[in-house]
Amino acid sequence: MANNLFENAKNAMNRFTQNRGGNQKASQQDMQAAKQAIQSAYSECSQEEKQQLQQFEQQLENHQQNLR
């Protein structure tokens, strides 16, 4: 199950990074989906996966800062 949650987070981040250049509304939806997937994955993942999730969160935060 943990792998599925982590894979969901990775897939959500991939969708976000692929779509963020387009419509901002779609990007916001993708960002929210990625955030939710990341939070779900934290509960059951390895330390290495947690580090990757933290990197994903940093990417989202950086993107959000750029929108302001």
Side-chain angles (χ1 to χ4, degrees):
M1 174 123 168
N3 284 341
N4 288 338
L5 293 174
F6 182 73
E7 286 299 317
N8 288 344
K10 279 179 38 176
N11 291 338
M13 279 302 295
N14 285 336
R15 280 190 301 275
F16 169 71
T17 55
Q18 290 172 357
N19 294 334
R20 72 179 173 193
N23 182 341
Q24 185 173 335
K25 184 173 184 174
S27 180
Q28 288 293 325
Q29 291 171 342
D30 291 333
M31 185 185 318
Q32 284 303 103
K35 283 182 179 183
Q36 290 173 348
I38 289 167
Q39 289 305 309
S40 295
Y42 266 117
S43 62
E44 298 181 12
C45 65
S46 70
Q47 190 60 37
E48 288 176 357
E49 290 169 334
K50 283 182 183 179
Q51 289 175 344
Q52 182 76 47
L53 293 173
Q54 289 170 346
Q55 290 175 355
F56 291 160
E57 286 182 319
Q58 187 61 49
Q59 288 177 333
L60 291 173
E61 182 62 32
N62 289 344
H63 179 72
Q64 229 171 359
Q65 291 294 326
N66 290 337
L67 291 178
R68 294 181 185 158

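All values below come from the heavy atoms of this structure, side chains included, with hydrogens, waters and symmetry mates left out.
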With no hydrogens and no angle check, do the side chains of Glu7 and Asn11 hold a donor and an acceptor under 3.5 Å apart?
no
Begin with the C-alpha distance, continue with both residues' side-chain angles, and end with the deciding distance and a verdict on side-chain contact (heavy atoms from CB on, under 4.5 Å) for Asp30 and Thr17.
CA-CA 9 Å; Asp30 291 333; Thr17 55; over 6 Å; no
What's the shortest heavy-atom distance between Cys45 and Leu53, and which atoms?
SG-CD1, 3.7 Å
Under the rule for side chain to side chain contact (heavy atoms under 4.5 Å, CB included), what residues qualify as partners of Ala12, not counting sequence neighbours?
Arg15, Ala34, Ala37
Evaluate side chain to side chain donor-acceptor pair (under 3.5 Å) for Gln58 paired with Asn62, printing each intermediate quantity in order.
CA-CA 6 Å; Gln58 187 61 49; Asn62 289 344; 2.9 Å; yes
Hey, mind stepping through Phe6 and Glu44 against side-chain contact (heavy atoms from CB on, under 4.5 Å) and telling me if it holds?
CA-CA 8 Å; Phe6 182 73; Glu44 298 181 12; over 6 Å; no
With distance as the sole test, does Gln32 use its side chain to make a donor-acceptor pair with the main-chain N or O of Gln29 at under 3.5 Å?
no
Gln65 and Glu61: side-chain donor and acceptor closer than 3.5 Å?
yes
Classify the angle between the aromatic ring planes of His63 and Phe16 as parallel (below 30°), tilted (30 to 60°) or perpendicular (above 60°).
perpendicular
Contacts of type side-chain hydrogen bond (donor to acceptor under 3.5 Å, both in side chains), residue Lys35, not counting sequence neighbours
Gln64
If you round to the nearest 0.5 Å, how far is CD of Gln51 from CZ of Phe56?
12.5 Å
Mind checking what makes side-chain hydrogen bond (donor to acceptor under 3.5 Å, both in side chains) contact with Glu57, not counting sequence neighbours?
Gln39, Tyr42
Mind listing the closest non-hydrogen atom pair of Ser43 and Leu5 along with its distance?
OG-CD1, 4.2 Å
Side chain to side chain contact (heavy atoms under 4.5 Å, CB included) with Ile38: of Gln52, Gln54, Lys10, Met13, only one passes, and it is Met13
